[in-house]
Amino acid sequence: MLSLRLPPTLASAGRRLFSSGGQYDLCVIGGGPGGYVAAIKAAQLGLKTVCVERRGKLGGTCLNVGCIPSKSLLNNSHMYHQASHDFANRGIKVSGLEIDLGAMMKAKDKSVEQLTGGIEMLFKSNKVDYVKGHGTLKGPNSVSVALNSGGDQVIEAKNVLLATGSDVVSLPGIELDEKTIVSSTGALALDKVPGKLTVIGGGVIGLELGSVWSRLGAEVTVVEFLDSIGGLGIDKEVAKQFMMQLKKQGLNFKMSTKVTGVQRTGAGLVVNTEAAAGGKAEAMDADVVLVCVGRREYHDNLGLADVGVQMDGRKVKVDHNYRTTVPSIFAIGDIVHGPMLAHKAEDEGTLVSEFLATGKEPHLDFNTVPSVIYTHPEVAWVGKTEEQLKAEGVEYKKGKFVFGANSRAKANGEETGFVKVLACKKTDKLLGVHIINAIAGELISEACLAIEYGAATEDIARVCHAHPTLSEALKGAAQMTAFGKAINSP
């Protein structure tokens, strides 16, 4: 990097200015799942690429304070819970079982550090330049970076890709301190198990983190505005059984309820609620309140309006090639339309880089993007729900296979849940798959592939599945839609 002579006004302000040392083919703003994948793919295709990340660590929310650390805590808390509540049923006697929360947090942090470091190594091996700082658009081909180390750097690029992701939000009047009133970020770093934890929001994040602390000993109450859990897109039948299982594990639920405020008292916190439709006010005590009411698109100080990038509400307006209203600027991930999921952003990043390098137009069908809730049991789905098909007037048939009829599930003592397959009544085309099971997130990929290729459920039913495996339950559900009956189900 070449240092440039500063104008007196900047010099007196103690700022340093650097140039990029030459134009790039692509500048990616944001080093999360969408951004870092796009940068690596672009470099692999021969584009001179730089990635700007303000956090100072690559991987974005997902890797640093989201998907990855939560999965570490989910996995390890489940092992503790299983040892406490299920080992005796399996002929395993344990005594003196204790939680070492500090060691559990260190294991979480170690996985994050290894993965963020791994992305930096991938950048180096693929010759992606990495700039740590906050990027702001200064023109169609210019990005100014406020460097984390001090000073500013100007980057010139033929194309700019915006992949800035999203951030946590709270409710009006409820201020997060990340100690006792926390977002998902604070919930991943509590220094002790709270006696009482109130979770505001019964969507994916609230249920995952609520499960973690419930398993470790907290009394958890989930307050949800809607009448079902799991958030947008979950099938109602699945949501109903899902809540039954979580209740058995000790989670409490207040459904169709809104939070009107959280007050601090000398003894802790008081959460004020009332019925969503209006009604008598109630209050409950809590040691920690976790606010999980969605996320907001992050485009703070990005300079969108200044360079003419148009918005569609809070989303960046893009065309079918993910190009914004400024021809050299593209956008992907949480800041554009579609599900706010890391794997959706990754695919979009790959597609845009391929478009810039080869001219091949991107195509991503949101209907084939899977969703997973990583509780125990897990919940996973792809394609349409029954409610959506009914609303669209689509005639469909349903096949449902319970894991209680699956030999591997029986042997493993993991009989909870089912697979539900939805198919077109006339053509047998696969329209949706919904799974609740210990490894639903692993099982859903076969369904994603089948829907992507336009498979009929008969195709799945006639594919040889290894025995004994949990995947045979998907085959059994497909047998029901294809042939009317399954071999291993009454």
Side-chain angles (χ1 to χ4, degrees), residues 26-45 49 51-55 57-71 112 115-116 118-119 122-123 128 130 135 159-168 184 203-205 231-233 294-300 302 304 309 311-312 314-324 329-356 361-374 380 382 441 444-445 448 452:
L26 177 63
C27 174
V28 180
I29 303 180
Y36 89 74
V37 167
I40 291 173
K41 186 63 176 181
Q44 290 175 343
L45 293 172
T49 305
C51 182
V52 178
E53 169 54 50
R54 68 186 179 91
R55 191 186 299 271
K57 290 186 177 181
L58 295 165
T61 294
C62 176
L63 204 161
N64 289 276
V65 290
C67 318
I68 302 304
S70 65
K71 300 312 164 285
V112 170
L115 289 168
T116 55
I119 299 173
L122 290 171
F123 270 20
V128 175
Y130 173 30
N159 293 287
V160 178
L161 176 60
L162 309 177
T164 49
S166 60
D167 200 1
V168 296
S184 55
V204 175
I205 299 172
L232 297 175
R295 298 181 64 82
R296 69 173 183 90
E297 299 79 1
Y298 187 86
H299 31 65
D300 300 13
L302 193 53
L304 297 173
V309 173
M311 305 294 291
D312 184 3
R314 284 199 54 83
K315 299 291 186 181
V316 175
K317 186 177 182 179
V318 295
D319 64 11
H320 63 286
N321 291 323
Y322 295 91
R323 194 193 302 269
T324 71
I329 300 176
F330 296 75
I332 60 168
D334 290 356
I335 60 173
V336 301
H337 283 290
M340 297 173 81
L341 296 169
H343 42 283
K344 174 258 197 183
E346 288 180 342
D347 280 6
E348 289 177 332
T350 297
L351 291 169
V352 170
S353 291
E354 289 177 341
F355 175 64
L356 294 174
E361 293 197 348
H363 171 71
L364 179 61
D365 182 359
F366 293 154
N367 191 54
T368 64
V369 175
S371 294
V372 183
I373 305 176
Y374 296 91
V382 64
I444 200 67
S445 295
C448 296
E452 183 68 48

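Below, each value reflects all heavy atoms present in this structure, side chains not excepted, and no hydrogens, waters or symmetry copies.
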Do the side chain of [X] and the main chain of [Y] share a donor and acceptor less than 3.5 angstrom apart?
| X | Y | result |
| --- | --- | --- |
| Thr324 | Ile329 | yes |
| His363 | His320 | no |
| Arg295 | Ser166 | yes |
| Asp365 | Asn367 | yes |
| Lys344 | Gly333 | yes |
| Asp319 | Arg323 | yes |
| Lys71 | Cys67 | yes |
| His343 | Pro370 | yes |

Could you please spell out the steps behind the side-chain contact (heavy atoms from CB on, under 4.5 Å) verdict for Leu162 and Ile332?
-> CA-CA 6 Å; Leu162 309 177; Ile332 60 168; over 6 Å; no
Closest approach of [X] to [Y] (non-hydrogen atoms, all atoms of both residues):
| X | Y | answer |
| --- | --- | --- |
| Leu63 | Pro69 | O-CD, 3.2 Å |
| Glu297 | Asp334 | CG-O, 3.4 Å |
| Pro362 | Leu351 | CB-CB, 3.7 Å |
| Leu161 | Ala331 | CD1-N, 3.9 Å |
| Val352 | Asn321 | CG2-O, 4.4 Å |
| Cys51 | Ala39 | CB-CB, 4.2 Å |

For a 4.5 angstrom cut-off between non-hydrogen side-chain atoms, does [X] reach [Y]?
| X | Y | value |
| --- | --- | --- |
| Thr116 | Arg55 | no |
| Asp347 | Val369 | no |
| Tyr36 | Glu53 | no |
| Phe355 | Phe330 | yes |
| Tyr374 | Ser70 | no |

How far does [atom1] of [X] sit from [atom2] of [Y], to the nearest 0.5 angstrom?
| X | Y | atom1 | atom2 | value |
| --- | --- | --- | --- | --- |
| Phe123 | Ile40 | CZ | CD1 | 5.5 Å |
| Gln44 | Thr350 | CD | OG1 | 9.0 Å |
| Tyr130 | Thr49 | OH | OG1 | 15.5 Å |
| Lys41 | Glu346 | NZ | CD | 13.0 Å |
| Asp167 | Asp300 | CG | CG | 7.5 Å |

Within 45° cone and under 6.0 Å: Arg54 NZ/CZ vs Tyr298 ring |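 Arg54 over Tyr298 ring: yes.
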Under 6.0 Å from the NZ atom of Lys315, do we count more than 12 heavy atoms belonging to anything else shown?
->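 For Lys315, atom NZ is crowded (more than 12 foreign heavy atoms under 6.0 Å).
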Could you walk me through whether Leu356 and Leu26 pass side-chain contact (heavy atoms from CB on, under 4.5 Å), step by step?
-> CA-CA 9 Å; Leu356 294 174; Leu26 177 63; 3.8 Å; yes
Residue pair Val382, Cys448: steps toward the side-chain contact (heavy atoms from CB on, under 4.5 Å) verdict | CA-CA 6 Å; Val382 64; Cys448 296; 3.9 Å; yes
